[in-house]
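Worksheet: one structure, shown below.
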Number of protein chains: 4
Amino acid sequence: MARPKTVTKRGGAETWATDLTSISPNRVLVRGYRLDDLMGRVGFGEATYLLLTGDLPTPSVGRLVDAMLVSFIDHGATPPSTLAARNTATTGASIRGAVAAGVLGFGRYHGGDSLACRALLDEGLDISRGGPSLASAAKLLVEQLIEKEDIPPPGFGHRYHTIDPRATRLLQIAHELEADHSYAQLLRALEQTMSEHPDLKDRPLPINVDGAIAAVCGDLGLPSEVADALLIISRVPGLAAHVLEEQRREAPMRVIDPSKHTYDGPPERRLPERRK
Amino acid sequence: MARPKTVTKRGGAETWATDLTSISPNRVLVRGYRLDDLMGRVGFGEATYLLLTGDLPTPSVGRLVDAMLVSFIDHGATPPSTLAARNTATTGASIRGAVAAGVLGFGRYHGGDSLACRALLDEGLDISRGGPSLASAAKLLVEQLIEKEDIPPPGFGHRYHTIDPRATRLLQIAHELEADHSYAQLLRALEQTMSEHPDLKDRPLPINVDGAIAAVCGDLGLPSEVADALLIISRVPGLAAHVLEEQRREAPMRVIDPSKHTYDGPPERRLPERRK
Amino acid sequence: MARPKTVTKRGGAETWATDLTSISPNRVLVRGYRLDDLMGRVGFGEATYLLLTGDLPTPSVGRLVDAMLVSFIDHGATPPSTLAARNTATTGASIRGAVAAGVLGFGRYHGGDSLACRALLDEGLDISRGGPSLASAAKLLVEQLIEKEDIPPPGFGHRYHTIDPRATRLLQIAHELEADHSYAQLLRALEQTMSEHPDLKDRPLPINVDGAIAAVCGDLGLPSEVADALLIISRVPGLAAHVLEEQRREAPMRVIDPSKHTYDGPPERRLPERRK
Amino acid sequence: MARPKTVTKRGGAETWATDLTSISPNRVLVRGYRLDDLMGRVGFGEATYLLLTGDLPTPSVGRLVDAMLVSFIDHGATPPSTLAARNTATTGASIRGAVAAGVLGFGRYHGGDSLACRALLDEGLDISRGGPSLASAAKLLVEQLIEKEDIPPPGFGHRYHTIDPRATRLLQIAHELEADHSYAQLLRALEQTMSEHPDLKDRPLPINVDGAIAAVCGDLGLPSEVADALLIISRVPGLAAHVLEEQRREAPMRVIDPSKHTYDGPPERRLPERRK
């Protein structure tokens, strides 16, 4: 466990700096841009990218980042983070308190799979940099995963979906925007290798949304911790929506049984034309 | 204090419903739209609006919602919520833990001013519905506020800014998009009334970002609690960016003295042309 | 909504004081006592009381505070705060993250009943100070509660228990220690009045643990917010125990259905003799 | 990163068990004991130990656990977890929200040192089990720590104290109660070895409270995660006291500068006789 070596002296708080946002009277600069100039000109996803990375995304990258944020915005009432938020909301807690409880649920296993998949891809790309093709690196990784009994590997397989529609679409958008590079290629090579492997081929291990996000963030050059932050940010609207619904529709202090819920929202409908 | 009347029986968890998101194998519907259809076609701000309200915004409303979310995305290193997040990050906590600590800081006074301003505007519009003009309602409200010593009222004045550039710009965008109605008009009438009032005119009480957001949400017909949720959502990228910066730039377990920080990011720069 | 009138100037952080704990090299004083002197001489409950109130409790009060803290230490797997903690733990979150999620569940309805009961008792004692007996004040309050349809009132009734054994025992201990005064008397008068009221007598409305704690804290002269803090503190060991159990016994990312749990701990057993 | 292998099926929530607390009408059993029997007979620290470990402590162990919980109950206004709680309180957040923010600050570096010290001690005891004396194991560990530049090691040194009075007293109590075994012995051997080491002897590296707690928990046979939970539990009263003080004494939305605080509580005073 890495630990800090510098022991701060009492009262020795020194000058420190931030390069995010500058506040002076009547002027707010975010990464150098006036916040009031950004308003109306960049979307919330683009401003998020600017804040986290220091630069405005190109329009293509902005569209990809938005697609990524939208892909993870909600996944129904059963994720444990959503249940933590709802269980907090039913006690009469504030919206912020219930949302915070939900944010805490992005643990090692939930959302964290994206980070673990990123580490796996980094490992494969390291191997590949030494000479072998991505396909060879994928084969090597899969053998290692089987040996370590780490199947399904992070970024593959899903408890509900045999094909994760969010993953498929996100990788497709990245491809259309010419933003899929070695991370996405290795991710696909891993999926392919597993589907053909004699020990695994009966078991569907499709790329899931965590894997697709890991690859897209890798190909965008985003550090792992920025990718992690994006995942948390992307789910907050979903958490908030569940909290508001819990408070609006349900009696307080109810026992929330996730297996007993149904969906009573609108049936499947088409997007308005102009959005296509 | 309102309290629940229904006492749930033990084990009596009954069927309950959500109208937000439907998960079935290989298909995710958000408010009836396929999530993979939304990806690449709507921005993160629009998808947030869809999730919270049930409908896709028109392009104008979508732009206004994005502007509102961007307006509140960060406000430097000194807001107490940001300091709570940084103090948590310096202990070596996870990103989600530090972000959650920041979310908890959206208390009655921080962010909550927007809700209090909304209540004030609702009160004024109620008066106005009974006959008086908005200008008369504003005068009545200001007299009441002075009597209750509630000056500055919620939504007006700022500790740093004599003119809050975010408020000015947000109301201007609402105006350009023809989305400023009675809430925005009453907000402006209140500002005008206070600037001319003999007891207040030496004290600048400009509309602040909390007030502008309150009016815009009111004019969009969003319930108070949805407006509250939007505020929380909008600041999460800022909290996450401070957490990442704290972990990247600072020694762990430091004593964080907010009065000793500086800004060392890029100096003011222009937005690239295509964004204008 | 009360709001702050003082707008702090930027950078104007001024000297401020705490009267809780003084840290100087090699010496820690808690409320004036050396922490190393307290260690081994006062229990954790007594030290908690010292920290929150400024004084060491008498041995009797210390014993009562301990009984109160123990009474609320856990209430099984179904309280929503416990479920929020378990749902967070199942994601692989840290112990502190999952415990924090549980703490957030002490909302208006959960635990908050104790505060609402305190307000009710304060109201009754105010009436009684004007002349009427406690019995008359109780009758008046019950009529008001029925009229406002606020039945069960806070501090009475329980979803599982027809007689809450924790309430009975806590009030008995307070009585033995001669620490039950007007709050406890009014609480009992309210229970009595409701049990005899023609509109309520078919419905058991026994004093519950929230009510007993409210009365005991009132009789100890603790402000409402200190009582609230004691409730939160008292449940943290329970939350932590559920988090540890979730991590030790269950598979990660499970769907937690509260109606499907059983108890497999030791059957009822007697306390060792020396404890009696 | 260890990940779950079992992918739960949708709706497949199965029966699960808890061995902590059994709730049936009018009866609450904690680890088999009636909660109303425990009340008035065991202290809060003992009940905490019962809940976390499954057994009532002996009176000696109970006293040691109480001393340990008291040792960590507060450490003034500057720990980052306390500042996170105060920064949240100043926004007008609820007590529970601000306490939860503080709990989140028990990160890798704050409090976590106790866990890291436990791991170090476990490593040394493993070495010793292979033959070498504790003194030899300590020497080996110190050489490794110097080589890894992991100085100060977890559990040693303090930013304020050259001798941590809490550590000294806790180890003394453990000794008096004959509860200091191999963990405490190795801890002392490490301190001794470092004080005599030519590369370290000019630098005071006394055992700190994290180290003492790690050793006491080790000698009590408590698993690391139970020790971690005890640390979190022990600081909650301190967090709550700071939150209450912030709300009682300070203006809302203030800028909290930790270097500008003073102590204005009672001067050092003696414990009442009967406590000695």
request  = Kindly say whether B:R31 contributes a backbone atom to a donor-acceptor pair with the side chain of A:R269 at under 3.5 angstrom?
outcome  = yes

inquiry  = Let me confirm one number: the CG-CG distance from A:D36 to B:L170, rounded to the nearest 0.5 Å.
reply    = 11.0 Å

inquiry  = Strictly by salt bridge (charged side-chain N to carboxylate O under 4.0 Å, His left out), give each pair with a member in residues 58-80 of chain B just once, sequence neighbours left out.
reply    = none

ask   = Which region of B:E245, side chain (C-beta onward) or backbone (N, CA, C, O), has a non-hydrogen atom less than 4.5 Å from a non-hydrogen atom of chain A, or is it both or neither?
value = side chain

task = Pick one of side chain, backbone, both or neither for B:R27, based on which atoms fall under 4.5 Å of a heavy atom in chain A.
result = both

remark   = Interatomic distance, OG1@A:T21 vs OH@B:Y263, rounded to 0.5 Å, equals 7.0 Å

task = Tell me, for B:P267 versus chain A, whether the close heavy atoms (under 4.5 Å) come from the side chain, the backbone, both or neither.
result = backbone

query = Roughly how far, to the nearest 0.5 Å, is the CZ atom of B:R169 from the CZ atom of A:R41?
reply = 5.0 Å

remark   = If one checks every heavy atom of B:L69 against chain A at 4.5 Å, the contacting part turns out to be both

ask   = Any idea which of B:V236, B:L231, B:I163 has the most non-hydrogen atom pairs under 4.5 angstrom with chain A?
value = B:I163

remark   = chain B shares the most heavy-atom pairs under 4.5 Å, among A:A17, A:A67, A:A100, A:P206, with A:A17

ask   = At what distance, to the nearest 0.5 angstrom, does NE2 of B:H242 lie from OG1 of A:T18?
value = 5.0 Å

task = Could you walk me through whether B:F44 and A:I73 pass the side chain to side chain contact (heavy atoms under 4.5 Å, CB included) test, one step at a time?
result = CA-CA 8 Å; B:F44 185 46; A:I73 200 166; 3.8 Å; yes

Top of A:G62, A:G76, A:G45 for chain B proximity - count of heavy-atom pairs under 4.5 angstrom = A:G76

inquiry  = Among A:G105, A:P266, A:G102, which residue has the highest count of heavy-atom pairs closer than 4.5 Å to chain B?
reply    = A:P266

message = As an exercise: rank B:L35, B:L52, B:V30 by heavy-atom pairs under 4.5 Å with chain A and give me the winner.
response = B:L35

task = Could you tell me which portion of B:R86 (side chain, backbone, both or neither) has an atom closer than 4.5 angstrom to a non-hydrogen atom of chain A?
result = side chain

key: Donor-acceptor contact below 3.5 Å, side chain A:E225 vs main chain B:L244   = no

Those residues of residues 89-96 of chain A, ordered by number, that approach chain B below 4.5 Å (heavy atom to heavy atom) = A:I95, A:R96

query = Considering all heavy atoms of both residues, which atom of B:R254 and which atom of A:W16 are nearest to each other, and what is their separation?
reply = NH1-CG, 3.2 Å

message = Looking only at heavy atoms and a cut-off of under 4.5 Å, which of B:L51, B:T168, B:T262, B:L104 has the most pairs with chain A?
response = B:T262

query = Atom CG of B:N26 and atom CZ of A:R166: how far apart are they, to the nearest 0.5 Å?
reply = 10.5 Å

4.5 Å side-chain heavy-atom contact, B:I23 and A:H161 = yes

query = Looking at A:S22, A:A47, A:G265, which makes the most heavy-atom pairs under 4.5 Å with chain B?
reply = A:S22

key: B:L56/A:L271 under side chain to side chain contact (heavy atoms under 4.5 Å, CB included): CA gap, chis, key distance, verdict   = CA-CA 9 Å; B:L56 278 172; A:L271 268 187; 3.5 Å; yes

inquiry  = For B:V65, which atoms come within 4.5 Å of any heavy atom of chain A: side chain, backbone, both, or neither?
reply    = neither

message = At a 4.5 Å cut-off on heavy atoms, which part of A:I232 comes close to chain B: side chain, backbone, both, or neither?
response = side chain

key: Contact check, side chains of A:D19 and B:R249, non-hydrogen atoms, under 4.5 Å   = yes

note = Cut-off 4.5 Å, heavy atoms of chain A, and the answer for B:Q247 is neither

